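Quick notes on the structure that follows.
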Amino acid sequence: MNFIEAKSYADLSRKAANIISAQIILEPESVLGLATGSTPIGTYQNLVKGYQNGDLDFSRVRTINLDEYCGLSTDHEQSYRYFMNHHLFNHINIDRNNTNVPNGCAEDLQEECSRYEKLIASLGGIDLQLLGIGHNGHIAFNEPNSYFEKDTHVVKLKESTIQANARFFNTIDEVPKKAISMGIQSIMRARKILLIANGSDKKDIVMKSVYGPITPEVPASILQLHPDCTVIYSY
Ligand code: PGA
């Protein structure tokens, strides 16, 4: 694993965007695995700047997102599709048909998981996967568990996650109880991984993930086995 210490959130965001920019410049048809959450917002802002100043061309880039809530329409402000449009896709020259987020409103969620799995394969895998990390070590919606979930799957959200997400909704009853998440194998198959962690509250879990035992109880710990994983952190 490579470790890069950033001086601040702004510095972390620039560094992460620089790595993604290099990927796009070197391989204009790259498949980017993208993440939601508060941490990548600054990274996306820097990618938008890169497009606006003429350094980046997204016209041939393909993207695939890690996860989506079940039951929220794409125009719901808390859906991850909405997040991606709002923070990145609406501001760059990407072909919307080349952007992929699981369909959390699919009638048959299992079928949607299989479709997503096939989609990742049909894109030829992921060139660069951006990841955030949860306080419990989750990556995407792969929560601590007794085993690693391999493929794209439906997750029943933990009560603690529902509570944590309630702040974004009017009432706790509106918080989705399920989500679709890419599995650990799809993430681990990415050719490069870039994990970003911001804030002193993430320090313990990052240390545990990168130096502790590899266990599904700390899903991010599996990244220790990835041959090209970079962690950028700012505490
Ligand atoms: P955050 O979320 O970027 O909002 O801290 C990270 C995650 O839960 O994956």
Side-chain angles (χ1 to χ4, degrees), residues 4 6 8-17 19-20 32-47 63-70 72 76-84 86-88 101-102 104 126 128-145 148-149 152-153 155-169 175-184 186-188 190 193-210 216-223 226 229-235:
I4 299 174
S8 61
Y9 177 65
D11 188 36
L12 173 152
S13 302
R14 274 196 311 274
K15 285 177 161 60
I19 291 172
I20 298 170
L32 302 179
L34 298 179
T36 52
S38 51
T39 316
I41 291 175
T43 303
Y44 295 149
Q45 283 168 349
N46 281 282
L47 290 177
T63 68
I64 183 134
N65 264 74
L66 288 168
D67 45 17
E68 178 60 286
Y69 285 121
C70 293
L72 295 190
H76 190 291
E77 285 188 15
Q78 295 307 327
S79 78
Y80 289 167
R81 163 52 81 177
Y82 184 96
F83 176 103
M84 291 310 302
H86 180 71
H87 289 289
L88 186 63
V101 179
I126 298 165
L128 173 58
Q129 176 66 59
L130 180 65
L131 290 178
I133 181 170
H135 291 103
N136 59 7
H138 72 217
I139 45 179
F141 268 125
N142 294 283
E143 299 278 16
N145 203 347
F148 290 109
E149 283 273 7
T152 304
H153 57 285
V155 186
K156 193 168 172 296
L157 298 180
K158 285 192 184 299
E159 195 49 42
S160 59
T161 303
I162 293 171
Q163 297 278 354
N165 293 350
R167 67 189 196 277
F168 299 116
F169 294 82
V175 185
K177 310 286 181 285
K178 286 194 286 189
I180 293 181
S181 178
M182 212 187 266
I184 293 290
S186 322
I187 294 171
M188 286 298 282
I193 292 181
L194 178 56
L195 182 130
I196 50 178
N198 179 58
S200 53
D201 53 321
K202 292 279 174 79
K203 187 172 182 178
D204 283 352
I205 193 61
V206 171
M207 296 300 274
K208 216 168 148 183
S209 301
V210 303
E217 295 296 341
V218 182
S221 63
I222 197 149
L223 299 174
H226 194 279
C229 178
T230 299
V231 179
I232 309 182
Y233 59 93
S234 163
Y235 301 137

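Ligands are counted one by one from 1 in listed order, and the atoms in each one are counted from 1 as well. These figures come from a predicted structure and were not determined experimentally.
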So Gln45 and Ser13, side chain to side chain donor-acceptor pair (under 3.5 Å) or not? Walk me through it. CA-CA 8 Å; Gln45 283 168 349; Ser13 302; over 6 Å; no
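- Pairing each heavy atom of His226 with each of Met188, the nearest pair is CD2-O, 3.1 Å.
- For the side chain to side chain contact (heavy atoms under 4.5 Å, CB included) with Ile180, the lone residue among Asp67, Leu66, Val101, Thr152 that qualifies is Thr152.
- The salt bridge (charged side-chain N to carboxylate O under 4.0 Å, His left out) test applied to Asp204 returns no partner, not counting sequence neighbours.
- Inter-residue side-chain proximity for Leu34 and Leu88 is flagged as met; some heavy-atom pair is nearer than 4.5 Å.
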- Task: Please lay out, stage by stage, how Gln129 and Leu32 fare under the test side chain to side chain contact (heavy atoms under 4.5 Å, CB included).
- Result: CA-CA 6 Å; Gln129 176 66 59; Leu32 302 179; over 6 Å; no
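- Protein residues lining ligand 1, listed by chain and number: Gly37, Ser38, Thr39, Gly132, Ile133, Gly134, His138, Lys202 [non-hydrogen atoms, distance under 4.0 Å].
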